[in-house]
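For the numbers below, each heavy atom of this structure counts, side chains included, while hydrogens, waters and symmetry mates do not. When a ligand or atom number is given, it counts from 1 through the structure's own listing order.
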Amino acid sequence: MDLTLTEKHRALRDEVLAFIEKYRGVAPSPGGGRKRPDAKVLEWQKLLLEHGYFARSIAREYGGFGAPQDLIEQAIIADAFSRAGVSPGIHNQGISMLVPTLLEVGTEEQKRRWVGPTIRGDIIWCQGYSEPGSGSDLAAAKTRAAVDDGHFVINGQKIWTSSAHYADMMFLLCRTEPEQSKHAGLSYLLVPMNTPGIEVRPLRTMTGRAEFNETFFTDVRVPVDQIVMSRGQGWHVANITLKYERLLLGDPNKLQQRLEAIRRMMTQPGPDGSRLLDRAEWRDRLLQLQGEVMAGRHHNLRLLSEQAEGVDSGLGRLIVKYHGTMLGHRLASLALDVLGSAGLHYEPQGETGEDDTATTWQIDYMYDIGLIIGGGSSNIQKNIIGERGLGLPREPKAAVPAGGN
Ligand SMILES: Cc1cc2nc3c(=O)[nH]c(=O)nc-3n(C[C@H](O)[C@H](O)[C@H](O)COP(=O)(O)OP(=O)(O)OC[C@H]3O[C@@H](n4cnc5c(N)ncnc54)[C@H](O)[C@@H]3O)c2cc1C
């Protein structure tokens, strides 16, 4: 794929930069995917959608901007926002994981009904995958959904459900065909969170905030047409969503934003007038991470170009989550060191509290340890990369205890 910018692309880049200059004063701070978008975030989202800087190639009938798919254009937009440190819009589980899944395998009715309100930020989704006893081994999910009178009746428990305490909807992986083998017995349902029988109990993380939850289902009824693909195809759909989740969690543009924010902090003169950036040991740490961020961004461009050519990136795609989440945590770690003693100060704020910049770095540092685990832990990613990507021998299965099943 030719990455030289055409005249049209250069014009777009200038247009985006002018937009950012004009509107950056009304932009919310970047991040914010961990709480319900407030009025300022929704207004910004609307502005981005109107200008085609968000959901650019999603069809108009589904609420997008309707431009032809042009991966270079998308890369130009993402690059301009991340370099400027300006919010590129909302990135949450609904927008970044469910929407592309529905666009790939949803029905026409599902796309029309869910994509528009989700990309506008009006509908918030949570992901009902993990259960006690089935996290890494996701296909072992036990939550049942039996069909009764045109409805799935769901019973069971999910855990670590991020955002369930304020989400409107859940995409849920559950067992509908218990007589089938583990992977063939699953289905993928869309469940309104206000359905009677759903109980959400918060779990507090080390940030002091309750960011994820236990979610219990007791005779929860959802119409049978609230399924994506058909019964028994849930494992296939869940893996499509996981593909997008891994790209979201390792997003190189987010890493670029972090790097720029740290660089700005390091160019601020301290009390004695000196700048950290002028000190070799600090500059060295920044440059090492900058090199890795650049490698991640170029890798992303390679993936984009393979996608444009219809090539399956395989191993290339798998390393994004592993590399990106580990690097994100190291960037947050550098930021805390740059903050010095201020980096040690942390007072947990409520879910709705406005975070100041310093506190945000502390949260990122703590929360990012979770991202190394969430969406498939780094250990599991390494197994997948080794076995499926590099063709190494499969790891031996744990022995089944006598009398076990
Ligand atoms: C911040 C955060 C947000 C999350 N949000 C959600 C969400 O919104 N929805 C949702 O459904 N889930 C969510 N999760 C759950 C997440 O997907 C699981 O935690 C993850 O898949 C690991 O599963 P587990 O916690 O059951 O750990 P386990 O599977 O019990 O693993 C425990 C440890 O053993 C290691 N391990 C397990 N099997 C192997 C193996 N075969 N080889 C090598 N090592 C292995 C793992 O790497 C891990 O270190 C979230 C988790 C976190 C931390």
Checklist entry - Where on Asn383 is there a heavy atom closer than 4.0 Å to ligand 1, on the side chain, on the backbone, on both, or on neither? => result side chain
Next on the checklist: At under 4.0 Å between heavy atoms, is it the side chain or the backbone of Gln93 that contacts ligand 1, or both, or neither?
Outcome noted: side chain
Would you call [X]-[Y] a salt bridge at under 4.0 Å N-O?
{"X": "Glu104", "Y": "Lys243", "result": "yes"}
{"X": "Arg302", "Y": "Glu306", "result": "no"}
{"X": "Asp70", "Y": "Arg56", "result": "no"}
{"X": "Glu73", "Y": "Lys8", "result": "yes"}
{"X": "Arg258", "Y": "Asp368", "result": "yes"}

Checklist entry - Can you find a protein heavy atom closer to atom 34 (O) of ligand 1 than 4.0 Å? => result no
Checklist entry - Measuring to protein heavy atoms, does anything land under 4.0 Å from atom 30 (O) of ligand 1? => result no
Nearest non-hydrogen protein atom, [atom]:
{"atom": "atom 26 (O) of ligand 1", "value": "Gly135 CA, 3.3 Å"}
{"atom": "atom 28 (P) of ligand 1", "value": "Ser136 OG, 3.6 Å"}
{"atom": "atom 44 (N) of ligand 1", "value": "Asn379 CB, 3.6 Å"}
{"atom": "atom 12 (N) of ligand 1", "value": "Ser130 OG, 2.8 Å"}
{"atom": "atom 39 (C) of ligand 1", "value": "Ile380 CD1, 3.5 Å"}
{"atom": "atom 7 (C) of ligand 1", "value": "Trp160 O, 3.0 Å"}
{"atom": "atom 5 (N) of ligand 1", "value": "Ser162 OG, 2.8 Å"}
{"atom": "atom 46 (C) of ligand 1", "value": "Ser377 OG, 3.5 Å"}

Checklist entry - Which of the atoms in ligand 1, numbered in the order shown and given with their element, are less than 4.0 Å from a heavy-atom of Gly375? => result 17 (O)
Checklist entry - Under 4.0 Å from any heavy atom of Tyr129, which atoms of ligand 1 are there? => result 11 (O)
Next on the checklist: Is there a side-chain hydrogen bond (donor to acceptor under 3.5 Å, both in side chains) between Glu260 and Gln256? Walk through the geometry before answering.
Outcome noted: CA-CA 6 Å; Glu260 291 296 329; Gln256 172 75 29; 2.9 Å; yes
Item to check | Beyond-backbone contact of Arg246 with Val320, side-chain heavy atoms, under 4.5 angstrom | outcome: no
Next on the checklist: Are Phe217 and Thr215 packed together at the side-chain level, in the sense that at least one heavy-atom pair is separated by less than 4.5 angstrom?
Outcome noted: yes
Checklist outcome for this item: Judged by heavy atoms only, the candidate from Pro132, Gly370, Ser134 nearest atom 53 (C) of ligand 1 is Gly370
Next on the checklist: Does the structure place the NZ or CZ of Arg60 under 6.0 Å from the centre of the six-membered ring of Phe65, at an angle of no more than 45° from the ring's axis?
Outcome noted: yes
